[in-house]
Each structure stands twice: as structure tokens, then as C-alpha cells.
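Worksheet: one structure, shown below.
Owing to the predicted nature of the structure, the values given are computational and were not obtained by experimental measurement.
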Amino acid sequence: MVRSRGALPILAVAALGLARAGSLSAQVEAPIPALLEPDFLLSVGEVVDPDRWRDAETVVGSTAETGITDRSHAQYDIVYVPRVVEGRSLSAGDAVQLFRIDRRIDDPATQEPLGRLLLPTGTGRVDSLAGETARVRISDAFHPILLGDRVRIVTEAMTAVPAAVSVAGASSGRIVAFQELKATHPPFDRLFLRPEVVGGATPGQVVQLYRPGEVRDGVRLPDTILGKAMVVRAEGPIAAAVTYELERSDLAPGDLFRPLPPGEGE
């Protein structure tokens, strides 16, 4: 069974949000503790150039009696990775993220290829070294961890938290993909945003998700408000964000985002 400790704070924060729902400022603050947990941030993927990770080091074995090509590994399992990762020799205590390069991400409006999904499968910590390999004890498994999953060292930048939460300043744009392929999306789902201006989103910004109203008899109906999302990572042209306070669950690539209306969340 795949287990992630990063999900536990979410339940507590959701309950906090319900308890404090009378205040708009409280509604904006409610998701912040969970979204800033390092374990949670390490479960959020990225849209990347696959060539950047083509030669990345990979999981080479485990303590299981059989190979792990088709076997899942969950919390507290042991895997082995090369001792040298990203040109640096690992040391006992180093944290690593395991991931795979998954499906291609295209812009739903223009069909422009944006990159591929870097899908985190788990995290672990080096507990010993032997020859050319390092033994990693899995601490969180977000997906089945398989032989051949890539590995990188967890850096401070990967778990950096926003200096402040902002409800202003984010540009408009559209949702280009969700980390998980599914028909409905619950709160705290991971998604990817393409701002109209490169650099138009920064970690900590809260945006409104919406769908433009239909035009009937020449009259445009009001927009359908879908909910809110907070940007948690914004390297490159595609930002990663997490949904919360959803009004609907049928979000889809191509839906839009914009700054929150004036006064909301203040």
C-alpha cells in the first residue's frame, strides 16, 4: 500500500478551514500550513524538459527477495541508488527524491508541447554507503517506486516556502494539466498553470479558478467560479499549484485562472 505522510496535515488543515470559515482572511490562511510542509512540497511535480533528466541516476535495487520492476515499494522499504548523484557523492543523512519522467504535457488551447511531467514517486534518506551504492530508506511513497525510477538530491530550493502569502499580483492564464489523470478533482489536488506572462506567478500567490460564461443569444452569462489555488512552485514558464476551497470538482485543462477579485481574502 502506498502511503504518504504528507496527506496527514491536509486533513487537519481542512478541518481548521471549516472551523474558521466565517472569515475571508481565515479562508486564505487555512491551507497554508499543509501546503508548506516539506513532505507535501516534494510530492508536487513539475513540467520539465526531459533532456535535462535523460542521464539522471536511477534506483538500481532493493532488499526485496525478487526484482522490483513490477513491485511497488511503500514507506520504510529499502532501495539502492548510485553513490554519486548529480555529480555529488551522497553522505549518510542526505535526503533524496525519487521520480519518473511521465506523460507529455501540451497546452490545451494551442497544442504547443510544454514538456513532460516530472512525477515524484517518493522520498527517502541515505542511511549507509557500500562501495558504489547508497542505501536509501523510503520515508514517503507517493506512487509505486520501481526499479529505474530516477533520483535527485533534495535541495533547500525544493522545499522553500513563500516568504508571504499574496492574494494580489498574479497574472491571468490557464490550467494546462493536472498531476493525476482523473475526471474529478478534490481539494489539495496538484495542477499546472501557464501564466500569460512568463514570471507572472510566484510561490504563495492565491488565484481564482474559473470557466468563462457561455454566450446565449449574444449575451455572455456570468463566469462559473471553480475555486481557488495557491502557487507552490514557479520555476520556468509553468507554475505548479494546489487547489482548495473548490466550488466544483469538474475542473479540466483549459479552464482559466486570474487574481482574486478586489477585497476577497483581505
Inset, instruction - Go through the steps for D94 and V85 under the test side-chain contact (heavy atoms from CB on, under 4.5 Å), then give the verdict. - result: CA-CA 11 Å; D94 282 344; V85 172; over 6 Å; no

Inset, instruction - Test L246 against L251 for side-chain contact (heavy atoms from CB on, under 4.5 Å), laying out the working first. - result: CA-CA 9 Å; L246 292 182; L251 287 76; 4.2 Å; yes

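Counting only heavy atoms from C-beta outward, the side chains of R104 and P50 never approach each other to under 4.5 Å.
By the side chain to side chain contact (heavy atoms under 4.5 Å, CB included) test, T110 is found to be paired with D107, E112, R174, R194, residues two or more places apart in sequence or in another chain being considered. Every residue two or more places apart in sequence or in another chain that forms a side-chain hydrogen bond (donor to acceptor under 3.5 Å, both in side chains) with R216 is listed here: E214. Scanning for side-chain hydrogen bond (donor to acceptor under 3.5 Å, both in side chains) contacts around R52 gives an empty result, with sequence neighbours left out. In this structure, the side-chain hydrogen bond (donor to acceptor under 3.5 Å, both in side chains) partners of D223, at least two apart in sequence or on a different chain, are R258. Listed by chain and number, the residues in a salt bridge (charged side-chain N to carboxylate O under 4.0 Å, His left out) with R125 amount to none (sequence neighbours excluded). Residues satisfying the salt bridge (charged side-chain N to carboxylate O under 4.0 Å, His left out) test with D127, not counting sequence neighbours, are R135, R137. Residues satisfying the side chain to side chain contact (heavy atoms under 4.5 Å, CB included) test with R83, not counting sequence neighbours, are S89, L129. Under the side-chain hydrogen bond (donor to acceptor under 3.5 Å, both in side chains) criterion, R103 pairs with no residue at all, not counting sequence neighbours. Looking at residues two or more places apart in sequence or on another chain, you find a side chain to side chain contact (heavy atoms under 4.5 Å, CB included) between S249 and T184.
Cation-pi geometry between R190 and F40 is met: under 6.0 angstrom from the ring centre, within 45 degrees of the axis.
Sorted by first and then second residue, the ring-ring contact (aromatic ring centres under 6.0 Å, His included) pairs with a member in residues 79-99 read W53-F99; sequence neighbours excluded. Pairs passing the salt bridge (charged side-chain N to carboxylate O under 4.0 Å, His left out) check and including a residue from residues 151-160, sequence neighbours excluded, read E46-R152. Identified under the ring-ring contact (aromatic ring centres under 6.0 Å, His included) test for residues 100-122, with sequence neighbours left out: none.
In E132, the CD atom is not crowded: 12 or fewer heavy atoms of neighbouring residues, nucleotides or ligands sit closer than 6.0 Å.
Judged purely by atom type and a 3.5 angstrom limit, E247 has no side-chain atom pairing as donor or acceptor with the backbone of I225.
Going from atom OG1 of T243 over to atom CG of L209 covers 7.5 Å, rounded to the nearest 0.5 Å.
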